[in-house]
Structure formats: structure tokens, C-alpha cells
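Heads up: the structure comes next, in C-alpha cells.
Letters A, B, ... mirror the listed sequences (proteins, then strands); counts begin at 1.
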2 protein chains.
Amino acid sequence: MAVMWQCQVVTSTSTAGAVRQGSLRELNLAVVLRRIAAADRPPSRAGIAAGTGLTRATVSAVVDDLIAGRLVAEAEPEPRTGAGRPARGLVLASDGPAGLGLEVNVDYLTACVVDLTGTVRHHLVRRADLRPVSPADALARLAALAAEARAAAVRDGLTLAGAALAVPGLVDDGGVVRLAPNLGWRDVDVPALLAGHQLAEPVDGVPPLVVDNEANLAALGELYAGPAGPRSFLHVTGEIGIGAGIVLDGALYRGARGWSGEIGHFPVQPQGRPCRCGGQGCLERYAGQEAILAAAGLPGAELPADTAATRLADLAEAGDPATLTALTDAGTALGVAVAGVVNLLDLDTVVLGGGYARLAPWLRPTVEAEVARRVLTAAWAPVTVRPAVLGAQSAAVGGAGSVVRRIVDRPVGWLTRTT
Amino acid sequence: MAVMWQCQVVTSTSTAGAVRQGSLRELNLAVVLRRIAAADRPPSRAGIAAGTGLTRATVSAVVDDLIAGRLVAEAEPEPRTGAGRPARGLVLASDGPAGLGLEVNVDYLTACVVDLTGTVRHHLVRRADLRPVSPADALARLAALAAEARAAAVRDGLTLAGAALAVPGLVDDGGVVRLAPNLGWRDVDVPALLAGHQLAEPVDGVPPLVVDNEANLAALGELYAGPAGPRSFLHVTGEIGIGAGIVLDGALYRGARGWSGEIGHFPVQPQGRPCRCGGQGCLERYAGQEAILAAAGLPGAELPADTAATRLADLAEAGDPATLTALTDAGTALGVAVAGVVNLLDLDTVVLGGGYARLAPWLRPTVEAEVARRVLTAAWAPVTVRPAVLGAQSAAVGGAGSVVRRIVDRPVGWLTRTT
DNA sequence: GCGATTTGTTCAGCGGTTGAATTAAATGGC
DNA sequence: GCCATTTAATTCAACCGCTGAACAAATCGC
């Protein structure tokens, strides 16, 4: 007689999900705040009570806490309808906590500030080729840009609640960049290099900066900003390498060690062109920026992604045949890979991000054709292929968004802060 | 200024996660019960209190409820250690609720009973070629087998809490089998065909039978039965077709419409052999049972999977060169596909199930070699490839396990039942 | 046998939700 | 213009379930 789950391990985060008395309020704060964040019109306390099943009394008490904590504000222009006492609309506060989103990439540094409502309040970009710059230097410049953004946020009355840094590479739990090939970084300990800077000072024991892969943060940005609905999608970022962020059931899937999304080496031609990874016929060799540029007869394999994408888009718009062919071929390869992923994960949406966002008009038809041809269930349920809403610099915005989103999902952390 | 998550939709399951007063007890029942289920030694009330952060008083009250509901029992042979009052060990009850697992496949019907502890208490198999049999007939035979299993369970003092039926095909939400090619089923409405049978009578408004893809249920079985640890893995089922169950962070991932796991048409040779799906060089054409048998020079493409696997294993053990080559080639193709999936999802374990379980000794080395070669992060973090613990008929056992597992995860549903 | 030690139970206290009653603020009919 | 009606939000006693401490139970070591 086989015995199952005899010795399953409990994930044991010390309390392992036990619900204490105080958790009630903690959980309901999150429920109410999420409700306010998710509504398309400012909801009333009564509406929230009806929607959640909580009592109006409870909702009022919870909302009082949220307003006192500067997470929620009452909307003066209350939307009225019919008879009865007018409801007072509740909206996320636009003068409370905000998130700082940062990005280091091959040819630019970005810092942006996103408030609780999801509005991008500031967006600073510094263009500069960072490949010859040492990681320490690059991070020092980034810190300066971050300080500038922070000052702008403070002038607006905002309080920065944390920061997220997007990096084009593999990042481990501790914020160490294991490998960022296009930047030439290897084992760069970002928190250590930023020690002393304001960014690195822990607040309430919480490290204020999380470092993450740009594809992951871009996918989060798309999750927050995208049209309602898509709860499971693949966000493909076309750069020199090709990365993917995977959102499943409304949550970013990071993988067993946080290294998911490596789609660049999906085998689209197993007996095809050799790849630096040791395999053959990897997607990157057919739909990577270098491959597209070469096929279009353009130099500059090492160009920054947005420059390359712009150049290709210009040529395509002008009707350059070599470019059009190159994009069609790239789209086909991308479609093969995407179809494989969709077959495996049964996704309903694929988002073209990074450089692909700009090239979507030309890539999309071929990608869609391959998907329709190869995805078994496509006949029953169509797959949407669309460009990223946030476009190129979605990683920084997504990172900033993830900071404030964390507050929406667990407001107690913000409300009980000591500072 | 881009605005994010302006109009996100709330999943709105009426209460939308609101935490009522009574939810406290509901949640803590689950926490304590899971703790008991997950422990490798019968834990004491005090131990659970220490582990969860709840008070000993609370744990005692919760445990009283669980014992009253026949979900937990006190283990008489309490495990002692040191000084102090001896603890009373708590174990899952072996005479409470049980799950019924069913499977319809090409050449057999299965019914099995799994109790709360995960022990397989009964396991009935009827061999018969079901391809010439009408779906209604096949289900009638299944219902008879299920009734037999139910009687055996009742004799043991068990109460069946629900049933799960594994089918080798695509199943939709309503339990309709959209397509099961090897059975020759199309749009078979299982609940409708079982109407009138005991299996189909709702208890407390809950449909007693869920129908699911066999690969999904087999993956769940592996999740419950497998060694501690693997929280994210791919379970590949080799049959006439090739299916995969995907477990991410300890939960089965079903996809946007419940049709995830279609790995059989992963492109391993895009310019290769044409496939019935319309694509070219699909995995199924290289590592499917039909392909392996043909490469080994054997007839019987339509053989049931376990027969075919046994025959191949016998030949391989005897050192038949054609068979060994066939298995090596199949392993290579499988390895290409698996490597692609692991790259994408960053899994740490791949389980070979179904017919592959029996063939694992020969497939495993080549699969591992391909994975090591193609998975970028394999150097930092190894990927384990292993045969399924439950072997061939894991789907029925996994289905039965999922029924009792649901009770462990939400005991209130069982405790408040009216029957 | 007695103190030390650990388990499990009992009980007053309390935080937070509940539900009903109350107050607040608007609409609409006459 | 006034009042009944309607809906929103607040107040308050009641109650549910967790908390913490005190207590009883059961065993070990000396």
C-alpha cells in the first residue's frame, strides 16, 4: 500500500500561515484597499461592504485606518445616481507612499516615481553608454539619479516606500547580479556597492531596494497597466538577448530559483545555427536583435535595443524589402517559440515588449499565424498577441509599480512603519 | 502620465477574500490540519502551537474540533523524549473521509480508494479494450467498478468524500471530455452520462465527481507521494500522446482554460517529420510510443501504453540494439523539449511518468545529458530527472489523493457537511 | 519521594467583527 | 416648500474566537 505525502515539507515561514486575532484587521485592510484599487469608479463604503460581505461598520473602521495612514482619500466629486444620501467616493491617495523604479541598461539609466494610484509622477532618463563604465561607477551615477527622483517626489509630498532596480541579467536572492552579459557584469553585489547611499539604508528592517531581472519587472508593469482581464500571459522582451516574464493567474512566476523566463534558447531549429549557449538553432539566433539587424543588412549588432528597434521600424515603414523579410523571419521564429510556450502553459495573451513593442506591427501577423497553426486549442480559444502598453521602458515603471503594489497587497507593512 | 491598473478586474468570488469573524477558525483548522498532515512524526498540540505561533489553548480547541469531525486521531503510541508530561501524538484519521479515484483508459478501468493519511486502501483494475465500447457503456462499467470500490470503503468504515475521474484527453470546466483521441471520444458529457448513478448525486451541493486530464492528476499524485521538497516540477506522461502536468510552487498549474501541459507538439525538429497537428517535427513524432516502437522495429503502434513500455523494457534489458537506439533517440528528443521547458520555468525536477516510468533507466541518461547541455542555469543549479514514484496508474491515485487533499486544505467543508 | 519539566486545559480579558438602531444627506412627490 | 422615502455612514452593545497566565496532569532525574 503506497503511502502518499508522508513526509511533505512545510514551507514554514515561522508562523506558517497561522491566523492570529490581529490578522483579521490586517487581512481586511488588504481586502478593502485592493477593492478600492481595483474599482474603475471610486467606490463607497457601502458598496465595498456589499461587495466583500463585510459589515458597513467594519468597512468604515477599516477605511478610517486607511485614511489615517494616507493610503486612501475621499474623492470630493462623488459620483451620484438616484435618490438617497450621496456616497463618498474612495480613491487611492495620490500623496501617500510612492515607489521608486530604477533601471540600468546598456545605454541608459532610468529613475521613475509611481504613486499609489499607479500614476507615473516623474520619469528621468540619462542616456550614456554604460558598457565601458565599471559597475561601481554605474551604480554611483544611478544613485545620483535616484536622489534626484527622490527629491522630486518629496517636493510632491510623496514618501518613497521602497525601490526596485531592473537589470538585464540573472539576479539572485541577495540582489547580486550573477550575469548581465550585455552590460559585461558578473557577480556584481549591488547592495554592497550601494552601501552608504540613501538607497541602501534599511527602513524598519526592510531593505529598501530589490534588484530584479528587467523582463520580470516589465511583465509586472504590463500586469498592472495592461487592459483588464489578462491574468495569465507571457511578456517577451526583445533586446540583444530575449527574455520573458511569465504571469500566471495574476502573479509573476519566478521559478524555483528566480531564473524563469529564459526563452532565448528555445530550440526553433535544433539542427540550425550554433549558439553561444552550446545548443543549436536557438530563438535568439533568429529573432534576437543581432540576427534581425544582420538579416536586414544593417550594421550595429551591438546597438542599444531601442535605437536598433527604431532604425528597423523606420526602414520597415519605408518599405525596405530586406528589413521586411528579416522581420517576417524573426516573427516566424518567435511564433514557433511562443506557440510552444502557449501549448505548454495554455496562456490567452502574449505581449510583445522591449524592442519588440516598436516592431509589433510587423512581427505580430507572423507570430499570430504561427500560433494559430501550432497551438492545438487555438481553434476553441483564440490567443491574443499585442504590443506592450508601457512600451520600451516598462521595466522601471513596473519595478516602481511593484513597490506600491506590495503596499496595496499588504497595507499593514506601511501603516505600522515607525518612520 | 501613464496610469496603471486603472481598471483591473477583481476576481470577485462574491466575498473576494474578505475575512469574517468565523474565518479565523476556518483558517486555523486548515493550518493545524496541514501541519499534522505534513509532519513526519505525530506532532503534539504544544509542538503545533510552537510551530504555528498560535497559543496552546487555541490549538487545543482547534484539535478538539478536528477530532470531533473524524479528521484527526490521537496516536496511542506517543513518541516520547526527555522529561515532562508525555505528549499525545496527533495523526490524520484513517477511518474518516476518503477519496475515490477513477480512471478510464484505452485498455483498463481503475477505481481506487485513498484515505486521509494518503494510504491507498483499495485498488481495483479491470482490463478490457475500451476503444470499441461506447462512452456510455464504458462509463456504466466504470460506475459499477466505482460502486464496488465504494462498498469496500464502507466496509472499512470510511466515508467517501468525493471522486475524481482521470481521462486521457482535454476536459472542460463542466466535466465534458472535449477530445480523447486514443479512446475515440469527442464531446462526451460525463456528468450527463452518469446521471442517476450514485457517483453523480451531489452531496451538499458539491458535485461528487470531478473529471480531469490524466496528466494533471498524475502530477498531483506525484506531488503528494513524491519525496519531500520538489515544489515545482514537470511530470511528463508518455503514452500514445505525450502529456505533461505542471506543478509550480506546490500547486498544479492548469492554464487559462485548464488546457495546460500540451508538450507533445513541442518543436524538436521544426523541419522534421510532419505531424497530425499540422506542424512539423513535434516531440510526439520522436518520443511518442508509436515512434519508439517503429524505431525499435516493433509492430503494435496502437498497443496500450503499459504493454508497449513493458515490451520495450524487456527488449532493452536483453540488450536489443535497435531498441536501445530507439530509446536513446527518444530520450534525446524528450531532452530537447524538457530543456526548453526548464529554461522557461526554472524547474528543479522533471518526473518521467506513464510509460516513461518503466523506461526511465534508458531514457534518463540522455534526457539528463540534453538538459545539462541546453539549460543555461544547469551549471549553478542541477536539475533532477527521476521516474514517477507511483508509476503507471498514478492518475487514479492522484485523483483520489486530490479529493482528500482538498479536505486537508479546507476542513470546514467536511466538518460542516450536513450528511 | 520531591522538584523540575513539559503537556494540555481552564478562564478572564480583549481585539475586532456583527447587527441593529441612529444619524446624515440627498431625491421626489404633492 | 415640506415631508416621506431612500441610501450612506456612524454608534454601540453583543458576541466570537484568540491571548496570556494560572493550573492540573504526567513523567524523569536524583
Side-chain angles (χ1 to χ4, degrees), chain A residues 15-32 35-36 39 41-68 72-90 411-412 415-416, chain B residues 15 17-32 36 41-68 72 74-90 411-412 415-416:
Chain A
T15 57
V19 185
R20 321 276 309 266
Q21 185 71 261
S23 317
L24 263 183
R25 180 47 68 85
E26 176 174 348
L27 291 168
N28 282 333
L29 282 165
V31 167
V32 170
R35 199 98 193 171
I36 294 172
R41 241 193 295 272
S44 66
R45 292 165 174 78
I48 293 171
T52 58
L54 295 169
T55 337
R56 292 201 304 272
T58 303
V59 173
S60 275
V62 168
V63 167
D64 285 349
D65 283 1
L66 291 173
I67 290 179
V72 164
E74 293 197 325
E76 274 319 318
E78 55 262 30
R80 293 290 306 113
T81 161
R85 170 176 169 174
R88 286 194 277 163
L90 299 171
V412 163
L415 295 177
T416 60
Chain B
T15 56
V19 185
R20 322 277 308 269
Q21 185 71 258
S23 316
L24 266 182
R25 179 48 68 85
E26 176 174 343
L27 292 167
N28 282 332
L29 282 166
V31 166
V32 170
I36 294 171
R41 243 193 292 272
S44 66
R45 293 164 174 80
I48 294 171
T52 58
L54 295 169
T55 336
R56 291 202 306 272
T58 304
V59 174
S60 274
V62 168
V63 167
D64 286 348
D65 283 2
L66 292 173
I67 290 179
V72 163
E74 293 198 325
E76 275 317 318
E78 53 263 28
R80 295 289 306 113
T81 162
R85 171 176 170 174
R88 322 254 291 273
L90 298 171
V412 163
L415 295 177
T416 60

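Comparing A:E26 and B:A57 by the nucleotide of DNA chain C that holds the closest heavy atom to each, the one mapping nearer the 5' end is B:A57.
Taking all atoms of both residues into account, the shortest heavy-atom contact from B:R45 to B:V63 is NH2-CG1, 3.8 Å.
Rounded to whole Å, the distance from CD on B:Q21 to C1' on C:dC14 is 12 Å. Following rounding to the nearest Å, A:R20 (CZ) and C:dG16 (P) show an atom-to-atom distance of 12 Å. The distance between atom CG of B:L29 and atom P of D:dG17, rounded to the nearest whole Å, is 10 Å. Spacing between atom CD of A:E74 and atom P of D:dA8 amounts to 14 Å, rounded to whole angstrom units. Taking atom CG of residue A:L24 and atom P of nucleotide D:dT19, one finds them 11 Å apart after rounding to whole Å. Whole-Å rounding puts the A:D64 CG to C:dT17 C1' distance at 15 Å. Atom CG in B:L27 sits about 15 Å away from atom C1' in C:dT17, given to the nearest Å. Across the protein-nucleic acid pair, A:L54 atom CG and C:dG19 atom P stand 11 Å apart, rounded to whole Å.
Between A:T58 and C:dG16, a side-chain N or O to OP1/OP2 separation shorter than 4.0 Å is absent. Note on B:N28: a side-chain N or O is less than 4.0 Å away from OP1 or OP2 of D:dC18. Between A:S60 and D:dT10 there is a side-chain N or O to OP1 or OP2 distance below 4.0 Å.
Counting only heavy atoms from C-beta outward, the side chains of B:D65 and B:R25 approach each other to under 4.5 Å. Side-chain contact between B:L90 and B:I48 is present, with heavy atoms from C-beta onward closer than 4.5 Å.
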With 3.5 Å as the limit, what N/O pairs link the protein to nucleotides 5-7 of chain C?
residue	atom	partner	partner atom	Å
C:dT6	O2	B:R85	N	2.7
C:dT7	O4'	B:R85	O	3.3
C:dT7	O2	B:R85	NE	3.3
C:dT7	O2	B:R85	NH1	2.8

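Between the side chain of A:T52 and the backbone N or O of A:L54, at least one donor-acceptor pair lies under 3.5 Å.
Residues satisfying the side chain to side chain contact (heavy atoms under 4.5 Å, CB included) criterion with A:A46, sequence neighbours excluded, are A:S44, A:R56. With sequence neighbours left out, the side chain to side chain contact (heavy atoms under 4.5 Å, CB included) criterion links B:A30 to B:R34, B:P411.
Here the options are A:V72, A:I67, A:V32, the test is side chain to side chain contact (heavy atoms under 4.5 Å, CB included), and the partner is A:V62; only A:V32 passes.
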